[in-house]
Amino acid sequence: MPELNWDVLTSVCGCVRDAPTILSISLASQTLRAVAVKRLLETQVVVLKDTRSILSFHRFVTADDMIRLPFVRKLKIDILPGRLDEDTRAEVIQFLLDILQQAAYLESLVLSHPNSTYRELGCDPRFPEAITRCSTLKELAVERWWAPMEEILSNTLSLLKTLRISLDELPNSHGGRLTPSRIHSLLERISPTLEVLEVLGQAVTFVDRDQNNVVFPALRSFEVVSSSQFDWIWAEDMVRMFPALNGTLAFEGLYHPFQDGDGRIRKRNWASQLQKTWNSLDRVIGDVDVVDKLGLACPVRHLMLDGVCKHSKDRVRDILHHTPPTHLKMSIDLSHGVHIFDGLLPQEVFPRLTHLVVMFSFCDYSSIIINDDDLADMQTAQWPALLVGAIES
């Protein structure tokens with residue numbers, strides 16, 4: 001039986017990404033086990049969350065003569081209160097620092113609860129220092145604001161491409177609300193290389209129209225995940241700050257209630273983009289009112305609209321008229337009435353649309369609905385006819 005070339009076999013193993021297959025390869029032979037262990041550390045997220053996981057992983061990477069830590073690519077540290085045993089705390093802290101310092105090719109680091117992790121580590125300054133000195137990070141996710149982040153982002157040796165950060169408790173030197181200049185000073189060092197920026201928590205204003213704003217020349221995706229009212233950003237400012245944007249533009253959870261004069265905001269944004277805008281966007285996500293005011297003038301592949309209801313139908317039509325996507329997902333709230341489908345999709349949509357996903361939600365607001373038309377609509381709703389209307393629209 002002919003033998004399989006070892007280099008070919010190693011290359012094949014290097015293409016495998018799912019853990020069960022990699023573990024199966026490791027059982028084939030002692031020689032393949034070394035290849036499988038290397039691949040496992042390269043592809044899977046190592047989660048360190050308590051005394052047991054830290055001690056076990058440290059024991060694994062130092063178990064034999066094979067140097068394993070340089071193969072670690074993705075690390076998640078999430079130590080909640082009480083997860084470290086007192087009698088081994090000092091040893092565990094040192095092991096964790098050893099892992100951070102010796103993972104020479106670490107690309108992704110996630111800190112889900114950085115404040116509790118830091119406290120469990122006795123606020124050891126070597127922990128943020130180790131993160132700052134890491135020069136190979138491409139992705140950093142800190143899902144709660146953590147004071148040492150200012151020092152890390154200001155002095156990091158890594159050329160970060162992805163940053164996921166919460167600014168909820170970022171202190172403002174001027175007091176009061178967080179200013180755009182404060183945010184820009186935090187992100188200025190990493191702005192040249194950043195490709196994905198995701199802001200969690202409070203909605204923040206990124207643009208100061210009276211000052212020069214930091215430009216993110218390589219940014220491909222910008223996402224804000226919040227549950228608060230949005231301070232509006234003019235489209236021309238976003239195009240200027242994110243000139244290379246072509247991935248995701250998302251305002252998830254944000255809302256901006258419709259007000260008199262909002263039509264003028266949309267017209268101004270639309271007019272400014274006729275002069276200069278992005279070539280295209282792969283995905284746009286947001287509430288109807290937010291996306292409507294943005295007045296997008298570039299092609300969009302995936303459009304995901306929240307807050308679609310009877311009262312926002314005209315704005316939905318306006319969005320789809322100017323920005324017909326190939327993939328459309330709508331979350332429709334039927335709580336204000338079911339007569340929404342007649343004329344919901346303008347004719348401009350149909351030549352491009354290839355995928356349509358519709359999600360319905362309904363809550364019985366009959367006891368608090370003030371609008372008599374809404375109440376009458378809900379009381380006379382014919383649910384079988386609703387499905388027919390959705391299909392025929």
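Remember, it's a predicted structure, so these values are computed and weren't measured experimentally. Along the sequence shown, residues carry numbers from 1.
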Taking only Lys NZ, Arg NE, NH1 and NH2, and the carboxylate oxygens of Asp or Glu, determine whether [X] and [Y] approach each other closer than 4.0 Å.
| X | Y | result |
| --- | --- | --- |
| Asp237 | Arg240 | yes |
| Arg89 | Glu120 | yes |
| Asp50 | Arg52 | no |
| Arg266 | Asp292 | yes |

How close do [X] and [Y] get, heavy atom to heavy atom, and via which atoms?
| X | Y | answer |
| --- | --- | --- |
| Leu245 | Arg220 | CD1-O, 3.3 Å |
| Lys76 | Ser112 | CE-OG, 3.1 Å |
| Ser191 | Pro217 | O-CD, 3.6 Å |
| Ile54 | Leu96 | CG2-N, 4.2 Å |
| Pro243 | Phe216 | CD-O, 3.7 Å |
| Thr51 | Leu84 | OG1-CA, 3.2 Å |

Identify every side-chain donor-acceptor pair in residues 133-142 under 3.5 Å, counting partners at least two apart or on other chains, and give the distances.
from   : atom 1 : to     : atom 2 : distance (Å)
Thr136 : OG1    : Leu106 : N      : 3.2
Thr136 : OG1    : Leu106 : O      : 2.6
Glu139 : OE1    : Ser108 : OG     : 3.2

Straight-line distance of [X] [atom1] to [Y] [atom2], nearest 0.5 Å:
| X | Y | atom1 | atom2 | answer |
| --- | --- | --- | --- | --- |
| His58 | Ile99 | NE2 | CD1 | 6.0 Å |
| Arg268 | Lys293 | CZ | NZ | 15.0 Å |
| Leu40 | Arg73 | CG | CZ | 12.5 Å |
| Ser221 | Asn246 | OG | CG | 7.0 Å |
| Glu348 | Leu320 | CD | CG | 9.5 Å |
| Arg68 | Thr62 | CZ | OG1 | 9.0 Å |

Worksheet item: Between Met330, Arg283, His327, which is the residue that forms a side chain to side chain contact (heavy atoms under 4.5 Å, CB included) with Met304?
Response: Arg283

Fill in: Any Met238 side-chain heavy atom under 4.5 Å of Leu294 side chain
yes

Fill in: Heavy-atom check, side chain of Phe251 versus side chain of Val284, under 4.5 Å
no

Quick check against the 3.5 Å criterion: does [X] have a side-chain atom that pairs as donor or acceptor with the backbone of [Y]?
| X | Y | answer |
| --- | --- | --- |
| Ser312 | Cys309 | yes |
| Asp85 | Asp87 | no |
| Thr277 | Cys298 | no |
| His302 | Asp282 | yes |
| Asn115 | Trp145 | yes |
| Ser154 | Arg189 | no |
| Thr193 | Leu160 | yes |
| Ser272 | Asn269 | yes |

Does [atom1] in [X] sit with more than 12 non-hydrogen atoms of other residues, nucleotides or ligands closer than 6.0 Å?
| X | atom1 | value |
| --- | --- | --- |
| Lys329 | NZ | yes |
| Gln94 | CD | yes |
| Asn279 | CG | no |

Worksheet item: In chain order, what residues pass the salt bridge (Lys or Arg N to Asp or Glu O under 4.0 Å) check against Glu198, with sequence neighbours excluded?
Response: Arg164

Discussion item. Determine whether Phe242 and Val215 satisfy the following criterion, side-chain contact (heavy atoms from CB on, under 4.5 Å), listing intermediate values before the conclusion.
Written reply: CA-CA 6 Å; Phe242 312 135; Val215 174; over 6 Å; no

Fill in: Cluster link Val92 to Val47, ILVMFWY, side chain under 4.5 Å
no

Worksheet item: Mind checking whether Val110 and Ile77 sit in one hydrophobic cluster, side chains of I, L, V, M, F, W, Y counted as touching below 4.5 Å?
Response: no

Worksheet entry | Donor + acceptor pair across side chains of Thr132, Asn155 (<3.5 Å) | no

